[in-house]
Amino acid sequence: MIHSLGRLLPTNCVKRYIHTSKCLSEFFEWENKEGQQIKSDEEKTWEKLSLRERLRLEAQLLKQGVKEWIADRKEAFIAGPRIYIPDRKVDVIARFTGDKDDLRKWVVTCDRDQNLGYSTAELDLTRGSKGLFHGFIDTNVPSDGVTKKAGWVNLKLVSKLGPFQDQVVYDWSPYTHLVFHLRGDGRVYAVNLHIQSYFDVTRYDNYHFFIWTRGGPYWQHVRIPFSRFFFAYRGRIQSSNPPLPLHEINTFSITLADKINGPFQLEIDYVGVEYDPLHIEESAYEQYSIDEDQRFV
């Protein structure tokens, strides 16, 4: 009987649970959008370290993360929960103060960085301690036989990171408007709200709206209701526009792709959120719902 059991057990094992290939010793890393693996300088330096140096560095980072976590908990306990938001008072999310460290909070990209065009973009500080997003839009398409459209630039706020370098989302549910204090050149800029999602199938789900800049020497105080942002997948507007999940905002960005060749410049003072008690609209767009019986009528 013992001999028969010894023969039956291996044959009854499910083969898919037996792995004979070599196991990987690294963690899986999600690819960036468009399948690009863009590594930072810190990641490249970490790959060159030995195993002992990596363990020592990770231990130091863990110790630092614990200290930051304790400091955040103490600060949150002392501050207490926020139970009141003043009417029409702007809570600043990002502001340019003239400090060069402000430039590190933003990421500038363009089609030239990915060999998809010839546009250029930079972010500098002005004499008035404001942020100047400027460059040149070039709609000429590279002759690679693959690229069909070109001429875009983007300015994105770096996502907030927690004590252990995990992404922290914004909770803008108490607010009704996104506010910009800026000075433009007459072009139309797109504002993109990026949603923090777990599944990779929703990595391209964003909400968009536009800023029509005046041009000239005067500053603009732009107030965009969150209800006006429309839902799009990879830049394509969807037929259903669900309300913006204000508690899942990861970050936001500003894009220029108006198909006009020439220089551009957008001067930014600050970006914030605001609560307007008179604005009760949840979504400015119709919510379509098609019944199964009427779909083919």
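This is a predicted model, so every value here is computed, not measured. In what follows, every heavy atom counts, from backbone to side chain, and hydrogens, waters and symmetry copies are set aside.
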Considering non-hydrogen atoms only, spot the tightest contact between [X] and [Y] and give its length.
X: Asp113; Y: Thr109; answer: OD2-CA, 3.4 Å
X: Ala284; Y: Arg228; answer: CB-CD, 3.6 Å
X: Phe229; Y: Val191; answer: CE2-O, 3.9 Å
X: His194; Y: Ser253; answer: NE2-OG, 2.8 Å
X: Leu157; Y: Thr251; answer: O-OG1, 2.5 Å
X: Tyr285; Y: Ser227; answer: CE1-O, 3.8 Å

Above 12 or not: heavy atoms from other molecules or residues under 6.0 Å from CD of Glu68?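 Counting other residues, nucleotides and ligands, CD of Glu68 exceeds 12 neighbours.
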
Would you indicate whether Arg112, at its atom CZ, is surrounded by more than 12 heavy atoms from other residues, nucleotides or ligands within a distance under 6.0 Å?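 Not buried by this count: 12 neighbours or fewer within 6.0 Å.
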
Please check if Leu103 and Val108 belong to a single hydrophobic cluster, counting links between Ile, Leu, Val, Met, Phe, Trp and Tyr side chain heavy atoms closer than 4.5 Å.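 Shared cluster, yes.
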
What about Phe264 and Val107, same hydrophobic cluster or not, with Ile/Leu/Val/Met/Phe/Trp/Tyr joined at side-chain heavy-atom distances under 4.5 Å?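 In one cluster with Phe264: Val107, no.
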
Side chain [X], main chain [Y], donor-acceptor under 3.5 Å:
X: Glu58; Y: Arg56; value: no
X: Thr176; Y: His279; value: no
X: Arg183; Y: Asp269; value: no
X: Glu122; Y: Phe133; value: no
X: Asn206; Y: Asn192; value: no

Taking the side chain as everything from C-beta on, heavy atoms only, tell me whether Cys110 gets closer than 4.5 Å to Tyr118.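 Counting from C-beta outward, Cys110 and Tyr118 never come under 4.5 Å.
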
Between [X] and [Y], what is the ring plane arrangement, given parallel below 30°, perpendicular above 60°, and tilted in between?
X: Tyr204; Y: Tyr233; answer: perpendicular
X: Trp106; Y: Phe252; answer: perpendicular
X: Phe230; Y: His208; answer: tilted

Taking the six-membered ring for Trp and the single ring otherwise, decide whether the centroids of Tyr275 and Tyr175 are under 6.0 Å apart.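 Ring-ring flag for Tyr275/Tyr175: false, centres at least 6.0 Å apart.
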
Would you confirm whether the ring centroid of His181 sits within less than 6.0 angstrom of the ring centroid of Trp219?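 That pair passes the under 6.0 Å test.
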
Contacts of type salt bridge (Lys or Arg N to Asp or Glu O under 4.0 Å), residue Glu248, not counting sequence neighbours: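 Salt bridge (Lys or Arg N to Asp or Glu O under 4.0 Å) list for Glu248, sorted by chain: empty.
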
Between [Y] and [X], is the closest basic N to carboxylate O distance under 4.0 Å?
X: Asp111; Y: Lys149; value: no
X: Glu274; Y: Arg88; value: no
X: Asp91; Y: Lys89; value: yes

Begin with the C-alpha distance, continue with both residues' side-chain angles, and end with the deciding distance and a verdict on side-chain hydrogen bond (donor to acceptor under 3.5 Å, both in side chains) for Asn250 and Ser159. CA-CA 6 Å; Asn250 182 18; Ser159 303; 3.3 Å; yes

Option among Leu246, Ile93, Val179 that satisfies the side chain to side chain contact (heavy atoms under 4.5 Å, CB included) test with Val273: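 Only one of Leu246, Ile93, Val179 forms a side chain to side chain contact (heavy atoms under 4.5 Å, CB included) with Val273, namely Ile93.
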
